[in-house]
Number of protein chains: 2
Amino acid sequence: MRIGELARRSGLSRDTLRFYERQGLIRSTPGPDATNSYRDYPEDALITLEQIADAQAAGISIADLTVLLGQLQAADPDTFDGEAFLQDRIDEVEARIARAERFLEGLKRAKAALAAPPVRR
Amino acid sequence: MRIGELARRSGLSRDTLRFYERQGLIRSTPGPDATNSYRDYPEDALITLEQIADAQAAGISIADLTVLLGQLQAADPDTFDGEAFLQDRIDEVEARIARAERFLEGLKRAKAALAAPPVRR
DNA sequence: CAAAACAGTGGAGTTTAGTCAACGGTTTTG
DNA sequence: CAAAACCGTTGACTAAACTCCACTGTTTTG
């Protein structure tokens with residue numbers, strides 16, 4: 001598919017998609033019609049883009065993601081010894097989730113406190 | 001306590017603390033010794049800083065945090081009707097945690113795939 | 001009491017993750 | 001077949017969250 005369709009279907013802007021491609025997060029091929037310069041994006045780019053969104057929610061930077069996506073997609077060893085790297089990311093993400101959950105509890109308490117006492121004498 | 005001690009105990013730089021104060025996230029008083037310009041930070045600034053870190057892990061921006069910290073600390077109604085605002089943040093954080101957990105699973109699968117098959121014919 | 005460590009101020013600089021504008025080609029569509 | 005919609009490239013720009021620097025004044029310490 002071409003970039004416009006990918007943009008529509010992913011909800012991201014064309015600029016963002018090109019930015020991701022420059023960063024090596026997604027890939028495209030020259031497109032079937034070699035007379036123009038239009039690129040062709042594979043169907044599974046949509047899945048990759050979902051993974052990118054998940055990773056960002058987990059606080060992973062694009063730089064780390066470039067490394068990680070390789071690991072996640074082609075879990076092919078001896079390309080990269082990144083087991084330790086992976087474990088570091090896992091620890092990092094777990095810590096972040098724990099913090100986020102702590103914060104979520106605070107939010108819920110605050111909302112309860114706001115909703116409960118219309119006891120305002 | 002003075003800013004240096006707060007920096008040491010919180011693990012943040014003095015610059016970051018001053019930045020947070022400019023943003024209205026923490027507060028200080030003129031300090032007991034009024035002859036100098038040194039500020040005094042209350043003990044509970046450390047707790048606030050923990051909450052800030054939690055909020056950031058939850059993907060909350062400093063701008064939103066300025067609003068939220070007021071709600072979280074003094075859960076005093078009729079200052080602010082922010083129940084809807086709070087609920088929006090709650091939804092946002094829950095969605096982010098869900099994504100982060102999805103990503104975490106992917107990381108763990110990738111690590112398992114990397115660790116398991118030293119079957120390398 | 002002098003040197004080292006610490007504090008405040010102001011303003012400039014950095015990084016990350018995009019976003020925008022301008023331009024010249026290419027398809028699509030009415 | 002012309003206008004509208006789309007595409008790629010280049011390069012400048014932005015917002016958020018810090019970070020650094022230079023300078024001056026204040027405490028602490030050996």
Side-chain angles (χ1 to χ4, degrees), chain A residues 1-42 45 48-69 89 92 96 99 103, chain B residues 1-42 45 48-49 51-69 89 92 96 99-100 103:
Chain A
M1 88 189 81
R2 298 196 308 209
I3 199 170
E5 189 185 344
L6 185 57
R8 263 192 310 283
R9 291 173 63 188
S10 67
L12 299 170
S13 73
R14 285 186 299 274
D15 277 333
T16 297
L17 295 175
R18 294 210 185 88
F19 172 72
Y20 284 173
E21 187 164 7
R22 279 200 301 286
Q23 303 302 310
L25 297 183
I26 57 177
R27 241 164 258 291
S28 66
T29 51
D33 182 356
T35 71
N36 63 23
S37 59
Y38 293 6
R39 314 279 313 171
D40 191 55
Y41 293 83
T48 303
L49 291 172
E50 275 299 311
Q51 291 179 331
I52 292 170
D54 290 351
Q56 293 197 331
I60 300 293
S61 73
I62 285 183
D64 280 352
L65 210 44
T66 304
V67 177
L68 280 173
L69 277 183
R89 281 337 106 207
E92 208 174 288
R96 210 177 301 266
R99 274 190 176 280
F103 186 70
Chain B
M1 87 191 81
R2 297 196 310 207
I3 199 169
E5 187 185 346
L6 185 57
R8 266 192 309 283
R9 291 173 64 188
S10 68
L12 299 170
S13 73
R14 285 187 297 274
D15 276 333
T16 297
L17 295 175
R18 293 209 186 90
F19 172 71
Y20 284 173
E21 188 165 5
R22 279 199 301 285
Q23 303 302 309
L25 296 182
I26 56 176
R27 239 162 259 291
S28 66
T29 51
D33 183 356
T35 72
N36 63 22
S37 59
Y38 293 6
R39 313 280 311 169
D40 190 54
Y41 292 83
T48 302
L49 291 172
Q51 291 180 331
I52 293 170
D54 290 351
Q56 300 210 108
I60 300 293
S61 72
I62 283 183
D64 280 351
L65 210 44
T66 304
V67 176
L68 280 173
L69 277 184
R89 282 336 108 206
E92 207 174 288
R96 210 178 301 263
R99 274 191 177 280
F103 186 69

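Because the structure is a prediction, the values reported are computed rather than measured. Basis for what follows: all heavy atoms, side chains included, without hydrogens, waters or symmetry-related copies.
With values rounded to the nearest 0.5 angstrom, A:Leu17 atom CG is found 11.0 Å from A:Leu25 atom CG. Rounded to the nearest 0.5 angstrom, B:Ile3 CD1 and B:Ser28 OG are separated by 8.0 Å. Of the inter-residue distances, the one linking A:Leu68 atom CG with A:Ile52 atom CD1 reads 11.5 Å to the nearest 0.5 angstrom. A distance of 8.0 Å separates OG1 in B:Thr48 from CD1 in B:Ile26, rounded to the nearest 0.5 Å. Note: B:Met1 CE to B:Arg8 CZ = 10.5 Å, rounded to the nearest 0.5 Å.
When rounded to the nearest whole Å, the span between CD of A:Glu21 and P of C:dT19 equals 17 Å. For B:Ile3 and D:dT19, the CD1 to P distance is 14 Å, given to the nearest whole Å. Residue A:Leu17 contributes atom CG, which lies 14 Å from atom P of D:dC6 at whole-angstrom precision. If you measure from atom CZ of A:Arg22 to atom C1' of D:dA12, you get 12 Å, rounded to the nearest angstrom. Atom OH of B:Tyr41 is separated from atom P of C:dC6 by 16 Å (rounded to the nearest Å). We find that CD of A:Gln23 is positioned 8 Å from P of C:dA17, with the value rounded to whole Å.
Looking at B:Arg99, its side chain never comes within 3.5 Å of a backbone N or O of A:Ala57 through a donor-acceptor pair.
A salt bridge (Lys or Arg N to Asp or Glu O under 4.0 Å) check over residues 22-31 of chain A, counting only residues at least two apart or in different chains, returns nothing. Here side-chain hydrogen bond (donor to acceptor under 3.5 Å, both in side chains) pairs that include residues 56-68 of chain A, with residues two or more places apart or in two chains, number zero.
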Query raised in the report: Going through the checks in order, is the side-chain contact (heavy atoms from CB on, under 4.5 Å) test met by B:Ile62 and B:Phe19?
Result: CA-CA 11 Å; B:Ile62 283 183; B:Phe19 172 71; 3.6 Å; yes

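Each of B:Ile52 and A:Glu5 was assigned the nucleotide of DNA chain D with the nearest heavy atom; the assignment lying further toward the 5' end belongs to A:Glu5.
Residues of residues 7-16 of chain B that place a heavy atom closer than 4.0 Å to DNA chain D, in numerical order, are B:Asp15, B:Thr16.
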Polar atoms only, N or O, under 3.5 Å: list the protein pairs with nucleotides 15-17 of chain D and their distances.
{"from": "D:dA17", "atom 1": "OP1", "to": "B:Ile62", "atom 2": "N", "distance (Å)": "3.2"}
{"from": "D:dA17", "atom 1": "OP2", "to": "B:Ile62", "atom 2": "N", "distance (Å)": "3.4"}

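Screening B:Glu21, B:Glu5, B:Arg9, B:Arg2 for a side chain to side chain contact (heavy atoms under 4.5 Å, CB included) involving B:Tyr41 leaves a single residue, B:Glu21.
Applying the side-chain contact (heavy atoms from CB on, under 4.5 Å) test to A:Ala58 and every residue at least two apart in sequence or in another chain returns A:Ile60, A:Val93, B:Ala100, B:Phe103.
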Requested in this report: Let me have a per-nucleotide readout for nucleotides 24-30 of chain D, 5' to 3', with B, S or -, counting only protein heavy atoms under 4.0 Å.
Outcome: -BBS---

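Residue B:Arg18 has a polar side-chain atom (N or O) positioned under 4.0 Å from OP1 or OP2 of C:dG8.
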